[in-house]
There are 2 protein chains.
Amino acid sequence: METTDDQHEHHYDAYLAQCPCRPLLDVIANKWTALIVGALLTREHRFGELRRQIEGVSQKVLTANLRALERNGFVTRRVYPTSPPSVGYALTDLGRSLAPPLVAVREWTERHMDDVEAARARYDTEATRSGPAAVDRAAEPAPAR
Amino acid sequence: METTDDQHEHHYDAYLAQCPCRPLLDVIANKWTALIVGALLTREHRFGELRRQIEGVSQKVLTANLRALERNGFVTRRVYPTSPPSVGYALTDLGRSLAPPLVAVREWTERHMDDVEAARARYDTEATRSGPAAVDRAAEPAPAR
DNA sequence: CAGTATCCGTTAGGATACTG
DNA sequence: CAGTATCCTAACGGATACTG
């Protein structure tokens, strides 16, 4: 063992390419994960409830993400022998410990949307450029709500 | 202006399919965004510095994400007329306000990697299943670091 | 150094149809 | 209701080559 102490030393570093926490970060720093965990924070939800609350999510995507969250230990899946069958998803203790940062990220997004739109308007107005900024899905067309 | 007060009322809701903050959440709740913002939190970085610090990121991906962060007002891009030219990226005030939640997400990932791996081992061991859990990239093979 | 451009494989994710 | 199974396309993202 090392002679140098490392009390609060993490064993993992997301900045290292081969660190196993890099793929995990990809699962956690994810739009659907943030929305699902945020929804489950209040109480257990049935599949259909989640599907309705998280508007626009397809059952395929919701299922896939719930499975991933379950496998990683953030969510439990309980099948109730009713008829028709219902399935309840709830956060584990691990999932609950993950929720605050994710909720903070989502709330930040909701709270600073105006600032961001102002910044985009500035960026898109300033000449200097010619080509688009890529990565961004949906540059302008988003009127409805 | 409204007669009903709405002091802490958000105008945006990420759970609504058509809310413009949904795409923004996708930009922010993102692996690369978390790593870039986390790196820039300490100080301004040159492009090459970021590229080296965030191991494994390609210049294409790094450039695309930096452009998006710049357009959304999180990052400034300053070109220094040196030879060869160097470019400095730094957080704006807006970006700095976004950093704490993102750093929290990354640190959570680093700190709970062991818990997650234990959960995965449990999940993958328990029978009941047959097919894989999808979504997850890289199920087991990740020895190096 | 800090990009841009191009080719190209892999994956996310929508739509649809079917099952216990 | 809560899935699973396909099909299909749009993007993400790696690799490589070229430029001011």
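Convention: sequence-line order gives letters A, B, ...; per-chain numbering from 1.
The phosphate of dC1(C) has neither OP1 nor OP2 within less than 4.0 Å of any side-chain N or O from Tyr89(B).
The salt bridge (charged side-chain N to carboxylate O under 4.0 Å, His left out) check on Arg22(B) picks up nothing, with sequence neighbours excluded. With sequence neighbours excluded, no residue forms a ring pair (Phe, Tyr, Trp, His ring centres under 6.0 Å) with His45(A). Every residue two or more places apart in sequence or in another chain that forms a side chain to side chain contact (heavy atoms under 4.5 Å, CB included) with Val57(A) is listed here: Trp32(A), Ile54(A), Val61(A), Leu62(A). Here Arg52(A) pairs with nothing under the salt bridge (charged side-chain N to carboxylate O under 4.0 Å, His left out) rule; sequence neighbours left out. Remark: Asp114(B) engages Tyr12(A) in a side chain to side chain donor-acceptor pair (under 3.5 Å) (not counting sequence neighbours). Every salt bridge (charged side-chain N to carboxylate O under 4.0 Å, His left out) that Arg96(B) has, sequence neighbours left out, goes to Asp93(B).
Direction of the helix axis in the helix from dC1(C)-dG20(D) to dG20(C)-dC1(D) shifts by 50° between the two five-pair termini, rounded to 10°.
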Show me, pair by pair, the donor-acceptor contacts under 3.5 angstrom made by side chains of residues 35-43 of chain B, not counting sequence neighbours?
{"from": "Thr42(B)", "atom 1": "OG1", "to": "Ala39(B)", "atom 2": "O", "distance (Å)": "3.2"}
{"from": "Arg43(B)", "atom 1": "NH1", "to": "Glu49(B)", "atom 2": "OE1", "distance (Å)": "3.3"}

Would you mind writing out the side-chain donor-acceptor pairs for residues 98-105 of chain A within the sub-3.5 Å range, not counting sequence neighbours?
none

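Atom CG of Leu62(A) is separated from atom C1' of dG14(C) by 14 Å (rounded to the nearest Å). Between the P atom of dA2(D) and the CD atom of Glu70(A) lies a distance of 15 Å, rounded to the nearest Å.
Using modelled atom types, no side-chain atom of Thr109(B) and backbone atom of Cys21(A) make a donor-acceptor pair closer than 3.5 Å. Side chain of Thr33(A) to backbone of Val27(A): a donor-acceptor contact under 3.5 angstrom is found.
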Considering only nitrogen or oxygen atoms on both sides, find all protein atoms under 3.5 Å from nucleotides 13-15 of chain D and state each distance.
{"from": "dG13(D)", "atom 1": "N7", "to": "Lys60(B)", "atom 2": "NZ", "distance (Å)": "2.9"}
{"from": "dG13(D)", "atom 1": "O6", "to": "Lys60(B)", "atom 2": "NZ", "distance (Å)": "3.2"}
{"from": "dG14(D)", "atom 1": "OP2", "to": "Ser58(B)", "atom 2": "OG", "distance (Å)": "3.0"}
{"from": "dG14(D)", "atom 1": "O6", "to": "Lys60(B)", "atom 2": "NZ", "distance (Å)": "2.4"}

Notebook entry, point to check: Do Arg77(A) and Leu66(A) pass the side chain to side chain contact (heavy atoms under 4.5 Å, CB included) test, and can you show the C-alpha distance, the side-chain angles, and the key distance before you say yes or no?
Noted result: CA-CA 9 Å; Arg77(A) 177 179 183 274; Leu66(A) 283 170; over 6 Å; no

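If you take CG on Asn72(B) and CD on Glu117(A), they are separated by 10.0 Å, rounding to the nearest 0.5 Å.
For DNA chain D, the neighbouring residues in residues 76-85 of chain A, judged by any heavy atom under 4.0 Å, are Arg77(A), Pro84(A), Pro85(A). Near-neighbour residues of DNA chain C inside residues 45-54 of chain B, defined by a heavy atom below 4.0 Å, number-ordered: Arg46(B), Phe47(B), Gly48(B).
Ring geometry for Tyr89(B) versus Phe47(B): interplanar angle of 30 to 60°, hence tilted.
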